[in-house]
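To start, the structure under review is shown below, and the notes come after it.
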There are 2 protein chains.
Amino acid sequence: MTLIESTPVTAEAEDICVRAPSTHPRPDGDDRYTISEVAAFTGLTAHTLRWYERIGLMPHVDRSHTGQRRFTNQDLDWLALVGKLRLTGMPVADMVRYAELVREGEHTFEERQELLQQTRRDVRSRITELQDTLAVLDHKIDFYAGAHRASERAS
Amino acid sequence: MTLIESTPVTAEAEDICVRAPSTHPRPDGDDRYTISEVAAFTGLTAHTLRWYERIGLMPHVDRSHTGQRRFTNQDLDWLALVGKLRLTGMPVADMVRYAELVREGEHTFEERQELLQQTRRDVRSRITELQDTLAVLDHKIDFYAGAHRASERAS
DNA sequence: TAGGACCTTGGAGTGCACTCCAAGCAAGGG
DNA sequence: CCCTTGCTTGGAGTGCACTCCAAGGTCCTA
């Protein structure tokens, strides 16, 4: 299977996942996780996973014949991406917006790219802010270290 | 006035301020700012400034003869530090703890230093997280860019 | 000395992101 | 069959960090 003439399968997967070195708890094919398994893998609570689904932050999650959620590896990948976006401080509403764009299909590629580029700019300036703050912290820590040495000399 | 035998004045100032290149709106001596001036300088609202004082995040703020707040350059410096700490995501309760230590005097230098060192560690790992996230964002942005080029070739 | 902008307080309200609850259904072991 | 554990739902509750309100006092300029 080559990827020369078009990229439909790759695109579908890429829509959703982070394309990490595929380190899933179970191989594709018998990837049907219960909510508590996913909670254990992701560090989110079952409450939060249900809430994510309710607000539209998850693609529709598969159900067992009795109505219980069965998450897939793709769901795990999506949650990994959501986790990354959450780390950036992106509001949940914006993540929902991104999820909507994914659901709407490939014609939203451009808007998705723009959203991620904006996020990227936000993350970069956040990093700069934190580095500035680090300098202030270092300065004050040095001051306390100096004061400590001075009081030792005095005694 | 030399600083050889001890460091009381410097220490007092350093307790509070960020020791920036002293770029205050007014020179020391006639630094008596109203709450709305401070709001304008810091970007905080007057509400927030009053709230900071109520919860103990400000050293006692001076008052005019009629009871209105008059902030000093030192207050501005303290607010600059608080602003930096806030950027790190430090909870307000922890900042209040730090403010208490400052009020308690020099015998808390060590605990203050530890608190800042912990914060520093937090900031460093936060920066690392954000850099990882940046890599993920770049990867996905590249994907969308590639898809865009592919669709142009196809048309 | 009048008017408008600004200040004061305690307490209540807001928005976000969860977090939990009650009541009930379902699956597996002894 | 019972018991425990886990899952379901809508809706209510929590904690944080503000944010605003009402009612009244103050400051400045004309």
Side-chain angles (χ1 to χ4, degrees), chain A residues 25 30 32-58 60-72 75 78-79 81-100 119 122 126 129 133, chain B residues 25 30 32-58 60-72 75 78-79 81-100 119 122 126 129 133:
Chain A
D30 52 83
R32 291 174 62 74
Y33 309 100
T34 65
I35 198 166
S36 58
E37 284 171 330
V38 175
F41 299 146
T42 61
L44 299 167
T45 69
H47 296 303
T48 302
L49 288 167
R50 292 194 197 99
W51 180 66
Y52 276 5
E53 194 183 348
R54 255 193 286 182
I55 65 175
L57 188 47
M58 287 294 296
H60 246 39
V61 176
D62 211 24
R63 299 299 176 120
S64 75
H65 66 107
T66 53
Q68 298 195 352
R69 288 172 185 81
R70 291 295 177 259
F71 293 80
T72 64
D75 293 329
W78 171 255
L79 285 168
L81 174 60
V82 166
K84 287 291 183 193
L85 293 179
R86 202 172 46 125
L87 283 181
T88 69
M90 183 188 276
V92 166
D94 291 4
M95 293 194 271
V96 170
R97 174 73 188 132
Y98 184 77
E100 279 167 0
T119 304
D122 294 347
R126 187 96 188 77
E129 274 178 359
T133 302
Chain B
D30 51 84
R32 290 175 61 75
Y33 308 101
T34 66
I35 198 165
S36 59
E37 284 171 330
V38 176
F41 297 147
T42 61
L44 299 167
T45 69
H47 297 301
T48 301
L49 290 167
R50 292 194 196 99
W51 179 66
Y52 277 5
E53 193 182 351
R54 254 193 289 182
I55 64 175
L57 188 47
M58 286 295 296
H60 245 39
V61 176
D62 210 23
R63 300 296 177 121
S64 74
H65 66 107
T66 53
Q68 297 195 350
R69 289 173 184 79
R70 293 293 178 257
F71 293 80
T72 63
D75 293 329
W78 171 254
L79 285 168
L81 174 60
V82 166
K84 288 290 184 194
L85 293 179
R86 202 172 46 123
L87 283 180
T88 70
M90 183 188 275
V92 167
D94 291 4
M95 292 194 271
V96 171
R97 174 73 189 133
Y98 184 77
E100 279 167 2
T119 304
D122 294 346
R126 187 96 188 78
E129 273 178 359
T133 303

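Note on naming: letters A, B, ... go to the chains in the order of the sequence lines (proteins, then strands), and numbering restarts at 1 for each one. Computed from a predicted structure; not experimentally measured. The basis for the numbers below is simple: all heavy atoms, side chains too, and nothing from hydrogens, waters or symmetry mates.
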Partner set under side-chain contact (heavy atoms from CB on, under 4.5 Å) for Asp94(A), not counting sequence neighbours: Met90(A), Pro91(A)
Non-neighbouring partners of Arg126(A) that pass side-chain contact (heavy atoms from CB on, under 4.5 Å), sequence neighbours left out: Glu129(A), Leu130(A), Leu130(B)
By side-chain hydrogen bond (donor to acceptor under 3.5 Å, both in side chains), which residues pair with [X], not counting sequence neighbours?
X: Thr88(B); answer: none
X: Tyr33(B); answer: Asn73(B)
X: Glu53(B); answer: Arg63(B), Arg69(B)

Nucleotide [N], atom [atom2] - distance to [atom1] of [X] in whole Å:
X: Tyr33(B); N: dC7(C); atom1: OH; atom2: P; answer: 15 Å
X: Leu49(B); N: dC18(D); atom1: CG; atom2: C1'; answer: 12 Å
X: His47(B); N: dT19(D); atom1: NE2; atom2: C1'; answer: 6 Å
X: His65(B); N: dC7(C); atom1: NE2; atom2: P; answer: 15 Å
X: Glu53(A); N: dC18(C); atom1: CD; atom2: P; answer: 16 Å

Salt bridge (Lys or Arg N to Asp or Glu O under 4.0 Å) partners of Arg32(B), counting only residues at least two apart: Asp62(B)
Pairs meeting criterion salt bridge (Lys or Arg N to Asp or Glu O under 4.0 Å) with involvement of residues 37-46 of chain A, two or more places apart: Arg26(A)-Glu37(A)
Nucleotides 10-17 of chain D: which of its N/O atoms have a protein N/O under 3.5 Å away?
| residue | atom | partner | partner atom | Å |
| --- | --- | --- | --- | --- |
| dG11(D) | N7 | Arg54(A) | NH1 | 3.1 |
| dG11(D) | O6 | Arg54(A) | NH2 | 3.1 |
| dA17(D) | OP1 | Val92(B) | N | 3.3 |
| dA17(D) | OP2 | Val92(B) | N | 3.4 |

With Leu85(B), the side chain to side chain contact (heavy atoms under 4.5 Å, CB included) member among Leu87(B), Val82(B), Leu81(B): Leu81(B)
Thr72(B) versus Asp75(B), side-chain donor and acceptor atoms under 3.5 Å: yes
Identified stems (criterion: three or more consecutive Watson-Crick or G-U pairs, under 3.5 Å), DNA chain D: C:1-30 with D:1-30
Extract all donor-acceptor atom pairs below 3.5 Å that involve side chains of residues 41-50 of chain A and protein atoms in other chains or at least two apart in sequence.
| residue | atom | partner | partner atom | Å |
| --- | --- | --- | --- | --- |
| Thr42(A) | OG1 | Val38(A) | O | 2.8 |
| Thr42(A) | OG1 | Leu44(A) | N | 3.1 |
| Thr45(A) | OG1 | His47(A) | N | 3.4 |
| Thr45(A) | OG1 | Thr48(A) | N | 3.0 |
| Thr45(A) | OG1 | Thr48(A) | OG1 | 2.9 |

Report each atom pair, protein N/O against N/O of nucleotides 3-8 of chain D, whose distance is under 3.5 angstrom.
| residue | atom | partner | partner atom | Å |
| --- | --- | --- | --- | --- |
| dC7(D) | OP1 | Thr34(A) | OG1 | 3.3 |
| dC7(D) | OP1 | Ser36(A) | N | 3.4 |
| dC7(D) | OP1 | Ser36(A) | OG | 2.7 |
| dC7(D) | O4' | Gln68(A) | NE2 | 3.4 |
| dT8(D) | OP1 | Arg69(A) | N | 2.7 |
| dT8(D) | OP1 | Arg69(A) | NH1 | 2.8 |
| dT8(D) | OP2 | Arg50(A) | NE | 3.0 |
| dT8(D) | OP2 | Arg50(A) | NH2 | 3.2 |
| dT8(D) | OP2 | Arg69(A) | NH1 | 3.0 |
| dT8(D) | O5' | Arg69(A) | NH1 | 3.4 |

Test log, rule side-chain contact (heavy atoms from CB on, under 4.5 Å), inputs Gln68(B) and Ile35(B): CA-CA 8 Å; Gln68(B) 297 195 350; Ile35(B) 198 165; over 6 Å; no
